[in-house]
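Heavy atoms only: backbone and side chains are in, while hydrogens, waters and symmetry mates are out.
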Amino acid sequence: MPAEAYYTFSLTVAEGKRLIGKGVAALPCVRRALAEGTVVVTRSTTSGYVLEELLGTPINRLDFVTGRTLPSAHPERGKLLSAEIPETILRGGEIDAGADAETITGELRAGDVVIKSPNALDYCQGLVGYLIGAPTGGTVGKYLGPTHGRHLHFVAPCGLEKQIAGDLIEASALLTEAGERLQGPSLWVTPAEIVTELEAIEFLTGACAMQIGAGGIMGAEGAVWLTAFGTDEQIERVNDLIESVQGEPEMLEYAQEQ
């Protein structure tokens, strides 16, 4: 893929989430729904970054989570994070405090946006997976029907660290076959409008990007190595963009600052 310029860099998970938040805020369907319709941001750590970018102001991201994965021996396991901030409904670019999150699905119309971050990513097939613990399907069960029935945009902000080894559909089928023998969540697989670090770079700079590595230590566990390529002007924008997200604190560091 010949290009005028190339730029290779790494992003920690937190830096990637901040970048993805900026990318989702730049999506044409999101910008249109903010101006003319409704955007529903459901809870997750990644969605917390998205909500901050949409509002242009910080929130307490520790309170904007639902399911969460922590080290088994973490001293704050079960206490560090809460779900005190409910899923957030935006109209006109601002929070609609009077909207009822429990009945909002009946008010959504074609072109409106639901943002739900997944637990698993199959990038090549354009599929995401959600770990489901609730018997009714939880947040995914609430919104996927209206997404198809009402022609909504179902946007899945997802860091590349969530790519899984193997086939998501096969994994979901395996858990379904297990039935009552399964101890733990099931896996709901669906296509979505996926926004990873790669799409965010393209939306925000016009450059293309690909992943060339992963992993790290000393707080960079889960990091990704990316190479962006394009025109000199595009790569200059990439450089500025990456500098703007570098240094984003990891969740534990962020929690200690609150």
Side-chain angles (χ1 to χ4, degrees), residues 1 3-27 30-31 41 43-65 68-71 74 76 80-81 115 117-119 121 123 155-163 194-258:
M1 300 180 186
E4 291 181 12
Y6 298 80
Y7 177 37
T8 295
F9 52 93
S10 65
L11 293 170
T12 66
V13 172
E15 291 167 347
K17 288 177 186 287
R18 178 60 68 190
L19 175 60
I20 290 166
K22 293 178 180 292
V24 171
L27 266 177
V30 171
R31 295 172 67 87
V41 186
R43 294 172 298 191
S44 79
T45 53
T46 305
S47 294
Y49 291 88
V50 173
L51 184 56
E52 288 186 334
E53 294 298 330
L54 293 176
L55 294 174
T57 187
I59 65 167
N60 187 343
R61 287 185 275 108
L62 299 175
D63 293 339
F64 197 65
V65 297
R68 75 296 302 260
T69 302
L70 288 167
H74 196 285
E76 296 294 327
L80 176 65
L81 308 172
I115 298 171
S117 180
N119 303 104
L121 170 66
Y123 191 82
V155 176
C158 183
L160 291 167
E161 85 279 358
K162 291 184 179 178
Q163 289 193 85
I194 298 169
V195 181
T196 71
E197 296 91 334
L198 304 180
E199 285 73 26
I201 288 169
E202 181 178 356
F203 298 151
L204 294 165
T205 71
C208 296
M210 63 171 53
Q211 184 177 3
I212 62 169
I217 60 171
M218 301 292 286
E221 293 84 355
V224 294
W225 277 93
L226 307 178
T227 292
F229 50 97
T231 66
D232 289 331
E233 286 188 359
Q234 289 170 340
I235 297 307
E236 185 175 344
R237 289 196 291 268
V238 173
N239 184 72
D240 292 342
L241 176 63
I242 298 308
E243 285 187 356
S244 76
V245 303
Q246 285 178 333
E248 182 73 32
E250 297 300 314
M251 184 58 80
L252 181 57
E253 181 184 351
Y254 171 79
Q256 292 169 341
E257 294 174 351
Q258 300 307 300

>> Heavy-atom count check: over 12 atoms from other residues, nucleotides or ligands less than 6.0 Å from Arg31 CZ?
In response: no
> Going from OG on Ser47 to CD on Glu52, what distance comes out if it is rounded to the nearest 0.5 angstrom?
Replying inline: 11.5 Å
> Quick one: does Leu160's side chain get under 4.5 Å of Leu11's, heavy atoms only?
Replying inline: no
> If every non-hydrogen atom of Pro157 is compared with every non-hydrogen atom of Pro118, which pair is closest and at what distance?
Replying inline: O-CD, 3.3 Å
> What closest approach, in Å, do Pro249 and Ala14 show between heavy atoms, and which atom pair accounts for it?
Replying inline: O-CB, 3.4 Å
> Got a second to check how far Asp232's CG is from Glu4's CD, nearest 0.5 Å?
Replying inline: 5.0 Å
> Which distance, rounded to the nearest 0.5 Å, do you find between the CG of Leu19 and the CD1 of Ile242?
Replying inline: 5.0 Å
> Do Leu226 and Gln211 have side-chain heavy atoms sitting under 4.5 Å apart?
Replying inline: yes
>> Can you tell me how far apart CZ (Phe64) and CG (Leu51) are? Round to the nearest 0.5 Å.
In response: 5.0 Å
> Who pairs with Glu53 by salt bridge (Lys or Arg N to Asp or Glu O under 4.0 Å), at least two apart in sequence or on another chain?
Replying inline: Arg18, Lys22
> For Glu221, does the CD atom have more than 12 heavy-atom neighbours from other residues, nucleotides or ligands under 6.0 Å away?
Replying inline: yes
> Side chains of Glu248 and Thr12: do they bring a donor and an acceptor to under 3.5 Å?
Replying inline: no
>> Quick test of your reading: applying side-chain hydrogen bond (donor to acceptor under 3.5 Å, both in side chains), list the pairs with at least one residue in residues 194-208, sequence neighbours left out, ordered by first then second residue.
In response: Tyr123-Glu199, Thr196-Glu199
> Are any side-chain N or O atoms of Gln234 and backbone N or O atoms of Phe229, one a donor and one an acceptor, separated by less than 3.5 Å?
Replying inline: no
> With sequence neighbours excluded, what pairs up with Thr8 under the side chain to side chain donor-acceptor pair (under 3.5 Å) test?
Replying inline: Thr227
> Can you name the closest pair of heavy atoms from Gly23 and Leu204 and give their distance?
Replying inline: N-CD1, 3.9 Å
>> Quick check: do Glu250 and Val13 have side-chain heavy atoms less than 4.5 Å from each other?
In response: yes
>> Can you give me the closest heavy-atom contact between Ala26 and Phe203, atom names plus distance?
In response: CB-CB, 4.4 Å
> Is Thr46 close to Lys162 at the side-chain level, that is, under 4.5 Å between some pair of heavy atoms?
Replying inline: yes
>> Quick check: closest heavy atoms across Ala228 and Val238, and the distance to 0.1 Å?
In response: CB-CG1, 3.9 Å
> What is the distance from atom OH of Tyr49 to atom CG of Leu54, rounded to the nearest 0.5 Å?
Replying inline: 15.0 Å
> What is the minimum heavy-atom distance between Ile235 and Ala207, and which atoms define it?
Replying inline: CD1-CB, 4.2 Å
> Going by heavy atoms in the side chains, are Glu236 and Tyr7 under 4.5 Å from each other?
Replying inline: no
>> Using only atom types and a distance under 3.5 Å, with no angle test, would you say the side chain of Ser10 pairs donor to acceptor with the backbone of Trp225?
In response: no
